[in-house]
Amino acid sequence: MEIILKDKVKEAVQKLYNSEIQDDLIQIQETRKDFKGDFTVVVFPLLRFSKNTPERTGETIGNYLLENFPAISGFNVIKGFLNLEISDTWWVDYFSKLAQKADYFEEAMVSHPETILVEYSSPNTNKPLHLGHIRNNLLGFSLYRILAACGHKVIKTNIVNDRGIHICKSMLAWQKFGNGETPESSGMKGDHLVGKYYVLFEKEYKAQVEKMIADGVNENEARNNAPMMKEAREMLIKWEAGEKSTFDLWKLMNTWVYAGFDETYKKLGVDFDRIYYESETYKLGKELVLDGLNRKILYQNEDSSIWADLTAEGLDQKLLQRSDGTAVYMTQDLGTAVNRYNEYNFSKNIYVVGNEQNYHFQVLRAILKKMGFSWADGLIHFSYGMVELPEGRMKSREGTVVDADDLISEMQDTARDVSNELGKLAGFSEDEKQEIFRKIGLGALKYYILKVDPKKNMTFNPSESIDFNGNTGPFIQYTYARIKSVFRKAEQMNIQADAHRIESSAAGTKEIDLIKLLRRFPEIVSAAATEYSPALIANYCYDLSKEYNQFYHDFSILGEENAAVRNFRLVLSKVTSEILNRGMWLLGIEMPERM
RNA sequence: GGUUCCGUAGCUCAGCUGGAUAGAGCAACAGCCUUCUAAGCUGUGGGUCCCGCGUUCGAAUCGCGGCGGAAUCACCA
């Protein structure tokens, strides 16, 4: 509609003032709620053509449109704003087409689909997943769904950081203090068990450093030479050399961790198309580094460590290979990026990684470009903010890290308690109830996290996150469940929603308000895809739910005597529920039929 | 110190490429269940959009300069 109006205004200016005018001078927007009308033309930019006051110009253009454009049924001018009223017939006609559409994503489809890799999760195998990872996983998965809904070919990738000195730390601690403990023997989830030994390492290491400092060693030296750290470094060298016992232990502990991760991913409802392991890509990274050295793009120190000089790019010197010949994080990432490009020939490779690594990705891209890979421009760091607690940052040392598994089960427990308290779901089987509680608990958690702008740091307030009122996932789920309930009743009464038989006389202003919101869905999806922001969809779904709830409250649907009006409201309800369902689907949130 | 990001109600957050009187939720208070689900709806109170300057018909939005906060600048990942 906006596009048609734009053309019409353009035509009006041309006819009335005899001037050709650029498109961007014509601004059409939805009229604010407190004014009469549907669309507003901002006339200020047009004054230079009319050479007249804003009011007179508005009047003149308004009159022209009224006479030459049947969809317009009236207008008013307030200050410099020309408010156009669109006839109900036009709206109803528009809605009728929308309601008969099978695919609500159609208009959001891009004309040139791309191959896009979305890298997310990227866990370390030495720690279980926590709240921060949840944000990562939810954002990544949702981004995948949004891009795919727009028609792109999207591949979900997950690179597992399964090598490096940090892995050796938990292995070393397990060797020293583990006494052969396994997930089976301890009853612990594998990732939690390995995490336990990582913490043990840090504790022991810290104690050694402190002791050395107390004995007069300076801090840096103590950190470097503490026995635990030395042993870990030796282990890494052994591992890179492929020494069998080290390698076997590594493999064993990895299987524990992966089993643990899979369980958590499954609960969260996320998955991957292609999993990479750094243990498989770091060698390519090392080759690249050597190649770069040969081509004099990189340089070597006397201690034989290899560096990139990025001062010309406004960055620093960056280490790419240690003096002992082992790879660092950056080396691995160089390898993975090249590996992926060779495999998929992607146009974009989106990394969902926290903003603490902004610098890392700047450097990664700079090095790749220096090496001559022009596709490095397609590497996009989707940088999201930290999750903080009301008391501040999560600190593992203080035990304030919110564990992903615990959080998920707590949310479901709360869903159960609230539901029972409200006396809902009587007469359902225990399994059915569990399934509903699962959807609500997860819905609350996911929505709470996804509704905020990804790039901002966010506060995770536990008591707020389990609130099911207001701008929350369960509120939207509730709206949906309510509509479903209407349709269950309608079926009993043998009433159907018939999108082919919508009569324009049945529309009121409240209905048209809802239609206006519904029509924005494709636009929101496109915006979410280009701005990488699931939050846009979340907030849209909330607005729509709120609008519908008011509608629901104001009108009787099934009790309505007039069949045409009843049908109109039913169709409206139907479309609302479908769009809510799809919107939430893009966020990875499931909708319960009842709650 | 360099780089990046953030600063909107007591709290958590919206506010699209500049547009009319800045919006929700939570918290507080007051109402609404014989009806299609009250996890809802209605109302009241609550603002120096961090500060200043600039750009222009018009700035929470754009630019510059401050102030405040976060992250990062490791032979950690």
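Numbered from 1 within each chain, the chains take letters A, B, ... in sequence-line order. Both backbone and side-chain heavy atoms feed into the values below; hydrogens, waters and symmetry mates do not.
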Visitor: Among B/C41, B/G40, B/C13, which is the nearest nucleotide to the side chain of A/Met458?
Guide: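 It is B/C13.
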Visitor: Compare side-chain N and O positions of A/Lys169 against OP1 and OP2 of B/C76 and report whether any pair is under 4.0 Å apart.
Guide: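 Indeed not, no polar side-chain atom of A/Lys169 lies that close.
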Visitor: Between C1' on B/G40 and CZ on A/Phe555, what's the gap in Å once rounded to a whole number?
Guide: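 In whole Å, B/G40 C1' and A/Phe555 CZ are 17 Å from each other.
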Visitor: Under a 3.5 Å cut-off for both distances, is B/U21 Watson-Crick or wobble paired, and to whom?
Guide: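 Check on B/U21: unpaired, no WC or wobble geometry under 3.5 Å.
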Visitor: Atom pairs under 3.5 Å, N or O on each side, protein against nucleotides 27-35 of chain B: can you list them with distances?
Guide:
none

Visitor: Which part of the nucleic acid, if any, lies within reach of A/Arg393 when heavy atoms closer than 4.0 Å are counted: base, sugar-phosphate only, or nothing?
Guide: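 Sugar-phosphate contact only.
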Visitor: Can you tell me which nucleotide in B/C13, B/U37, B/A77 comes closest to the side chain of A/His166?
Guide: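 Shortest atom-to-atom distance from the side chain points to B/A77.
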Visitor: Just checking A/Gln477: base, sugar-phosphate only, or nothing, at a heavy-atom cut-off of under 4.0 Å?
Guide: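 A/Gln477: no heavy atom of the nucleic acid under 4.0 Å.
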Visitor: For a quick test of reading the model, state the closest non-hydrogen atom pair linking A/Gly58 to A/Val77 and the distance between them.
Guide: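 Closest approach of A/Gly58 to A/Val77: C-CG2, 3.6 Å.
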Visitor: Using a 3.5 Å distance criterion without hydrogens, assess whether the side chain of A/Thr530 forms a donor-acceptor pair with backbone atoms of A/Ser526.
Guide: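 Looks like yes, one N/O pair under 3.5 Å.
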Visitor: Rounded to whole angstroms, how far apart are CD on A/Gln29 and C1' on B/G15?
Guide: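 The distance from CD of A/Gln29 to C1' of B/G15 comes to 13 Å, rounded to the nearest Å.
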Visitor: Check for me whether the distance between the ring centres of A/Tyr351 and A/Phe382 falls short of 6.0 Å.
Guide: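 Ring-ring flag for A/Tyr351/A/Phe382: false, centres at least 6.0 Å apart.
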Visitor: Check the side chains of A/Thr57 and A/Asn52 for a donor-acceptor pair under 3.5 angstrom, ignoring hydrogens and angles.
Guide: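 Note: A/Asn52 and A/Thr57 side chains miss the donor-acceptor criterion.
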Visitor: Between atom CG in A/Leu536 and atom P in B/U17, what is the gap in whole Å?
Guide: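 A/Leu536 atom CG is separated from B/U17 atom P by 10 Å.
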Visitor: Given B/U37, B/G40, B/G25, which nucleotide is nearest the side-chain atoms of A/Asn471?
Guide: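 The closest nucleotide is B/G25.
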Visitor: Please give the distance between the C1' atoms of B/A20 and B/G7 as a whole number of Å.
Guide: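 B/A20 and B/G7 have their C1' atoms separated by 26 Å.
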Visitor: Both distances under 3.5 Å, Watson-Crick or G-U wobble: report the partner of B/C5, or none.
Guide: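 Its partner is B/G69.
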Visitor: My understanding is that a pair needs two contacts under 3.5 Å, Watson-Crick or G-U wobble. By that rule, which nucleotide pairs with B/C29?
Guide: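 Paired with B/G43.
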Visitor: With heavy atoms under 4.0 Å as the rule, sort A/Asn124 into base, sugar-phosphate or nothing.
Guide: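 Here A/Asn124 touches the backbone only, sparing every base.
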Visitor: Assess the side chains of A/Ser463 and A/Asn461: does a donor N or O sit below 3.5 Å from an acceptor N or O?
Guide: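 Side-chain D/A pair, A/Ser463 to A/Asn461: present.
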Visitor: Mind checking the P distance from B/A74 to B/A28? Whole angstroms is fine.
Guide: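 Per the computed distance, 48 Å lies between those P atoms.
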Visitor: Taking any heavy-atom pair under 4.0 Å as a contact, classify A/Gln321: base, sugar-phosphate, or nothing.
Guide: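 No contact.
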Visitor: Could you check which of B/C16, B/C36, B/A77 has an atom nearest any side-chain atom of A/Asn161?
Guide: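 My answer, after comparing the listed nucleotides, is B/A77.
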Visitor: Which nucleotide in the list B/G25, B/A77, B/A39 gets nearest to the side chain of A/Gln332?
Guide: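 My answer, after comparing the listed nucleotides, is B/A77.
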Visitor: Given the rule in the salt bridge (charged side-chain N to carboxylate O under 4.0 Å, His left out) test, do A/Glu240 and A/Arg163 qualify, once you have shown the distances and angles that lead to the verdict?
Guide: CA-CA 9 Å; A/Glu240 285 204 13; A/Arg163 55 135 265 131; 2.7 Å; yes
Visitor: Using a 4.0 Å heavy-atom cut-off across all strands, classify A/Val452 as base, sugar-phosphate, or nothing.
Guide: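 The residue A/Val452 makes sugar-phosphate contact but no base contact.
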Visitor: Does A/Arg438 come within less than 4.0 Å of A/Glu435, counting only side-chain N to carboxylate O?
Guide: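 A salt bridge links A/Arg438 with A/Glu435.
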Visitor: Under 4.0 Å between any heavy atoms, over every strand shown, what does A/Leu47 touch: base, sugar-phosphate, or nothing? Just pick one.
Guide: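 Since no nucleic acid heavy atom lies under 4.0 Å of A/Leu47, the category is nothing.
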Visitor: So A/Pro54, base contact, sugar-phosphate only, or nothing? Heavy-atom distance under 4.0 Å.
Guide: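 Result for A/Pro54 = nothing.
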Visitor: Does the side-chain ring of A/Phe475 lie flat on the base of B/A39, meaning centres under 5.5 Å and planes less than 30 degrees apart?
Guide: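 No, aromatic ring not over the base.
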Visitor: Would you kindly give the CG-to-C1' distance between A/Leu517 and B/C16, to the nearest whole Å?
Guide: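 Taking CG of A/Leu517 and C1' of B/C16, I get 14 Å after rounding.
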Visitor: Could you verify whether a donor N or O on one side chain and an acceptor N or O on the other, from A/Tyr552 and A/Glu547, lie under 3.5 Å apart?
Guide: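 No, A/Glu547 and A/Tyr552 have no side-chain donor paired with an acceptor closer than 3.5 Å.
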Visitor: Do A/Tyr282 and A/Trp239 have ring centres separated by under 6.0 Å?
Guide: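 Yes, the ring of A/Tyr282 comes within the 6.0 Å limit of the ring of A/Trp239, centre to centre.
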Visitor: When you measure from the side chain of A/Asn469, which nucleotide among B/C57, B/C26, B/C36 comes out closest?
Guide: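 Of B/C57, B/C26, B/C36, B/C26 is nearest to the side chain of A/Asn469.
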Visitor: When the distance from CD of A/Glu421 to C1' of B/A38 is rounded to whole Å, what number comes out?
Guide: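 Checked: the CD to C1' distance equals 14 Å.
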Visitor: Looking at the rings of A/Tyr197 and A/Phe201, which for Trp means the six-membered one, are their centres under 6.0 Å apart?
Guide: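 No; A/Phe201 has its ring centre 6.0 Å or more from that of A/Tyr197.
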Visitor: With stacking defined as ring centroids separated by under 5.5 Å and planes differing by under 30°, is A/Tyr478 stacked against B/G40?
Guide: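 Ring-base stacking flag not set for A/Tyr478 and B/G40.
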Visitor: Classify the nucleic acid contact of A/Ala481 as base, sugar-phosphate or nothing, counting any heavy atom under 4.0 Å across all strands shown.
Guide: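 Base contact.
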Visitor: Would you tell me if any nitrogen or oxygen in the side chain of A/Arg322 comes within less than 4.0 Å of OP1 or OP2 on B/A77?
Guide: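 For A/Arg322, the contact criterion (side-chain N or O under 4.0 Å from OP1 or OP2 of B/A77) is met.
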Visitor: How many Å lie between CD1 on A/Ile476 and P on B/U37, as a whole number?
Guide: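 Going from A/Ile476 (CD1) to B/U37 (P), I get 20 Å.
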Visitor: Please check this pair: side chain of A/Lys51 against backbone of A/Arg48, looking for a donor-acceptor N/O pair closer than 3.5 Å.
Guide: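 Confirmed, A/Lys51 side chain pairs with A/Arg48 backbone.
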Visitor: Can you tell me whether the side chain of A/Asn549 and the base of B/A38 have a donor-acceptor pair closer than 3.5 Å?
Guide: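 Between B/A38 and A/Asn549, which were checked side chain against base, a qualifying N/O pair under 3.5 Å is absent.
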Visitor: Sequence neighbours excluded and cut-off under 3.5 Å, please list the side-chain donor-acceptor pairs for residues 164-173 of chain A, or say none.
Guide:
residue  : atom : partner  : partner atom : Å
A/Ser170 : OG   : A/Ile167 : O            : 3.1

Visitor: Could you tell me whether A/Lys424 contacts a base, only the sugar-phosphate backbone, or nothing, with contacts defined as non-hydrogen atoms closer than 4.0 Å?
Guide: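 Contact class for A/Lys424: base.
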Visitor: Could you say whether A/Tyr542 or A/Thr459 is positioned toward the 5' end of RNA chain B, judged by the nucleotide with the nearest heavy atom to each?
Guide: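 This one resolves to A/Thr459.
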Visitor: Taking CZ from A/Phe361 and C1' from B/A77, how many angstroms apart are they, rounded to a whole number?
Guide: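 Whole-Å distance recorded here is 11 Å.
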Visitor: Given that A/Pro454 and A/Asp34 both sit by RNA chain B, which one's nearest nucleotide is further toward the 5' end?
Guide: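 Closer to the 5' end of RNA chain B: A/Pro454.
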Visitor: Considering every strand and a 4.0 Å limit on heavy-atom distances, what is the contact class for A/Asn83: base, sugar-phosphate, or nothing?
Guide: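 Base: the residue A/Asn83, judged by heavy atoms under 4.0 Å, touches a nucleobase.
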Visitor: Is the phosphate of B/G23 approached by A/Arg32 (side-chain N or O, under 4.0 Å from OP1 or OP2)?
Guide: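 Looking at the OP1 and OP2 atoms of B/G23, one of them is under 4.0 Å from a side-chain N or O of A/Arg32.
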Visitor: Across the strands shown, which category fits A/Ile165 at heavy-atom distances under 4.0 angstrom: base, sugar-phosphate, nothing?
Guide: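 Sugar-phosphate: the residue A/Ile165, judged by heavy atoms under 4.0 Å, touches backbone atoms but no base.
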Visitor: Using nucleotides 3-10 of chain B, report all nitrogen or oxygen pairs with the protein that are shorter than 3.5 Å.
Guide:
residue : atom : partner  : partner atom : Å
B/U4    : O2'  : A/Asn358 : ND2          : 3.4
B/G7    : OP1  : A/Lys456 : NZ           : 3.2

Visitor: Does B/C76 have OP1 or OP2 sitting under 4.0 Å from an N or O in the side chain of A/Arg223?
Guide: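 No.
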Visitor: If I pick the P atom on B/A14 and the same atom on B/G25, what distance separates them, to the nearest angstrom?
Guide: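 After rounding to an integer number of Å, I get 16 Å for this pair.
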Visitor: Do A/Tyr552 and the base of B/G40 stack face to face, with centres under 5.5 Å apart and an angle between planes under 30°?
Guide: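 Aromatic stack with B/G40 absent for A/Tyr552.
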Visitor: Assess the pair A/Phe468 and A/Phe475: is the distance between their ring centroids shorter than 6.0 Å?
Guide: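 Between A/Phe468 and A/Phe475, the centre distance exceeds or equals 6.0 Å.
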Visitor: CZ of A/Phe261 to CG of A/Asn158: how many Å apart, nearest 0.5 Å?
Guide: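 A/Phe261 atom CZ to A/Asn158 atom CG measures 9.0 Å (nearest 0.5 Å).
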Visitor: Compare the minimum distances between each of B/C11, B/A39, B/G40 and the side chain of A/Glu464, then state the nucleotide with the smallest one.
Guide: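 Nearest to the side-chain atoms of A/Glu464, counting from C-beta on, is B/C11.
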Visitor: B/G40 C1' sits how many Å from A/Met595 CE, rounded?
Guide: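 The answer, rounded to whole Å, is 11 Å.
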Visitor: Could you tell me whether the side chain of A/Thr40 has a donor or acceptor atom within less than 3.5 Å of a complementary atom in the base of B/A20?
Guide: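 Counting by modelled atom types and ignoring angles, a donor-acceptor contact under 3.5 Å is found here.
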